[in-house]
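The structure under discussion appears below in the form of structure tokens.
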Amino acid sequence: MNEQNKNTKPHEEAPKTVQGDSSATSSSWKKALSKRWVFPAAYLAAAAIILTLVWVYQDASQKTLKPQGESSTVSESVVGSETPAAEGKDGEAVEVTANAQSMIWPVADDVAVSVVKPYFDEESPETHQEAMVQYNDTFSPNLGIDLATADDQAFEIRAALSGKVTRVENHPLNGNVVEVTSGDTRTVYQSLNEVKVSEGAEVKQGDAIATAGRNELEKDLGNHLHFEVYEGDKLVNPEKLLPQK
């Protein structure tokens, strides 16, 4: 009986030992998984692997779809389509400025006009006194130039630049006013008579706009044209843009 008991005891204890090892392993995994950092760490590792694979795939695809030299060809094509160019010396491409137009005097060539009141130019203090406009007891700087003939006769006003007529109005002080917009440049004609254009019309350089007339603000000048030029929203001295007479 003792021998049989000795022989059977190892067989009975063996399962207990295996079961104990399994329980210990399971318990170790549970302890490991119960830690807060385990799942975030596993998620970050998986995300890093996925992003690496995606990057490698995209890089390989781009190399396959874009042969060497293709990107430079497309770039040159786009630039060429947006900027007109002309061929210069030795075949070099020279950029051409579109809509380059020199301003002309807003009167016919055979009309003898002179500047009877200059533009109030901050850079020319010596002209400030004569460039002041007096209305009743108020003095204000002249925002343009005033043109008139020596005999105080009316004369035809012409477009100094080609463009679109963007304003036609009758102002109580400035008289009839016409504004022509040419890109970023606006030319304004005041003290007009017999206006010959309407708002929205397209005019070409040299087209007749009106005739010189009188206004209330500068009635002492008689028949004259008050001419202003704006570059964007900035007033500029018209005499610096007009050709020398």
Side-chain angles (χ1 to χ4, degrees), residues 99-109 111-195 197 199 203 205-245:
N99 298 327
Q101 189 179 36
S102 298
M103 188 176 294
I104 64 172
W105 285 84
V107 296
D109 293 336
V111 177
V113 296
S114 60
V115 177
V116 293
K117 188 174 289 294
Y119 171 80
F120 187 91
D121 196 336
E122 294 181 356
E123 298 178 358
S124 304
E126 68 277 4
T127 64
H128 285 181
Q129 184 174 354
E130 58 180 323
M132 297 297 293
V133 177
Q134 181 181 1
Y135 179 68
N136 294 332
D137 296 328
T138 303
F139 290 86
S140 59
N142 196 22
L143 303 181
I145 59 174
D146 294 283
L147 304 176
T149 60
D151 56 5
D152 192 31
Q153 294 299 308
F155 53 92
E156 190 174 66
I157 308 301
R158 299 188 177 184
L161 291 172
S162 299
K164 183 177 182 179
V165 179
T166 48
R167 178 162 58 108
V168 175
E169 68 173 349
N170 183 270
H171 192 274
L173 294 181
N174 299 326
N176 288 317
V177 179
V178 171
E179 177 187 80
V180 178
T181 299
S182 312
D184 292 332
T185 303
R186 289 182 294 130
T187 47
V188 180
Y189 311 79
Q190 298 179 4
S191 187
L192 304 179
N193 189 24
E194 299 178 6
V195 176
V197 294
E199 188 170 333
V203 295
Q205 189 177 59
D207 284 353
I209 292 177
T211 56
R214 302 172 183 269
N215 65 13
E216 181 64 24
L217 184 63
E218 298 175 311
K219 56 186 176 181
D220 58 310
L221 297 180
N223 286 302
H224 73 284
L225 165 68
H226 178 81
F227 181 60
E228 298 177 359
V229 178
Y230 293 80
E231 294 287 353
D233 292 327
K234 183 181 178 182
L235 266 170
V236 296
N237 186 351
E239 287 193 83
K240 292 184 177 180
L241 301 176
L242 293 168
Q244 295 293 327
K245 278 197 147 190

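Nothing here was measured: the structure is a model prediction, and the numbers come from that model.
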Of Val236, Asn237, Val188, Leu143, which is the lone residue that meets side-chain contact (heavy atoms from CB on, under 4.5 Å) with Val229? Val236

Verify, without hydrogens or angle tests, whether [X] (side chain) and [Y] (backbone) share a donor-acceptor contact under 3.5 angstrom.
X	Y	value
His128	Asp121	yes
Trp105	Pro243	yes
Gln205	Ala160	yes

Is there a side-chain contact (heavy atoms from CB on, under 4.5 Å) between Asn215 and His171? Walk through the geometry before answering. CA-CA 9 Å; Asn215 65 13; His171 192 274; over 6 Å; no

Could you walk me through whether Thr181 and Arg167 pass the side-chain contact (heavy atoms from CB on, under 4.5 Å) test, one step at a time? CA-CA 9 Å; Thr181 299; Arg167 178 162 58 108; over 6 Å; no

Could you tell me the separation between the [atom1] atom of [X] and the [atom2] atom of [Y], rounded to the nearest 0.5 Å?
X	Y	atom1	atom2	result
Phe120	Glu130	CZ	CD	11.5 Å
Gln190	Glu179	CD	CD	10.0 Å
Thr187	Met103	OG1	CE	6.5 Å
Asn174	Glu218	CG	CD	8.0 Å
Ser124	Glu239	OG	CD	9.5 Å
His224	Ser191	NE2	OG	3.5 Å

Hey, does [Y] have a side-chain heavy atom less than 4.5 Å from the side chain of [X]?
X	Y	answer
Met132	Gln134	no
Lys117	Thr127	no
Val115	Leu147	yes
Tyr230	Leu235	yes

So does [X] have more than 12 non-hydrogen atoms from other groups sitting under 6.0 Å from [atom1]?
X	atom1	value
Asp151	CG	yes
Glu123	CD	no
Asn170	CG	yes

Any pair counted as ring pair (Phe, Tyr, Trp, His ring centres under 6.0 Å), so long as it reaches residues 174-193, sequence neighbours left out: Tyr189-Phe227

Quick check: closest heavy atoms across [X] and [Y], and the distance to 0.1 Å?
X	Y	value
Gly163	Ser182	CA-OG, 3.8 Å
Val203	Val197	CG1-CG1, 3.9 Å
Gly206	Ile104	N-CD1, 4.0 Å
Asn223	Ala212	OD1-O, 3.9 Å
Tyr135	Leu217	CB-CD1, 3.7 Å
Leu161	Val180	O-CG1, 4.1 Å

Walk me through it: do Ser162 and Gln101 pass the test side-chain hydrogen bond (donor to acceptor under 3.5 Å, both in side chains)? CA-CA 8 Å; Ser162 299; Gln101 189 179 36; 3.1 Å; yes

As a quick check of understanding, evaluate side-chain contact (heavy atoms from CB on, under 4.5 Å) for Leu242 and Ile145, giving each step before the final call. CA-CA 11 Å; Leu242 293 168; Ile145 59 174; 4.0 Å; yes

Is a salt bridge present between Asp152 and Arg214, judged by a nitrogen-to-oxygen distance below 4.0 Å? yes

Thr211 vs Glu156, side-chain hydrogen bond (donor to acceptor under 3.5 Å, both in side chains): CA-CA, chis, key distance, verdict: CA-CA 4 Å; Thr211 56; Glu156 190 174 66; over 6 Å; no

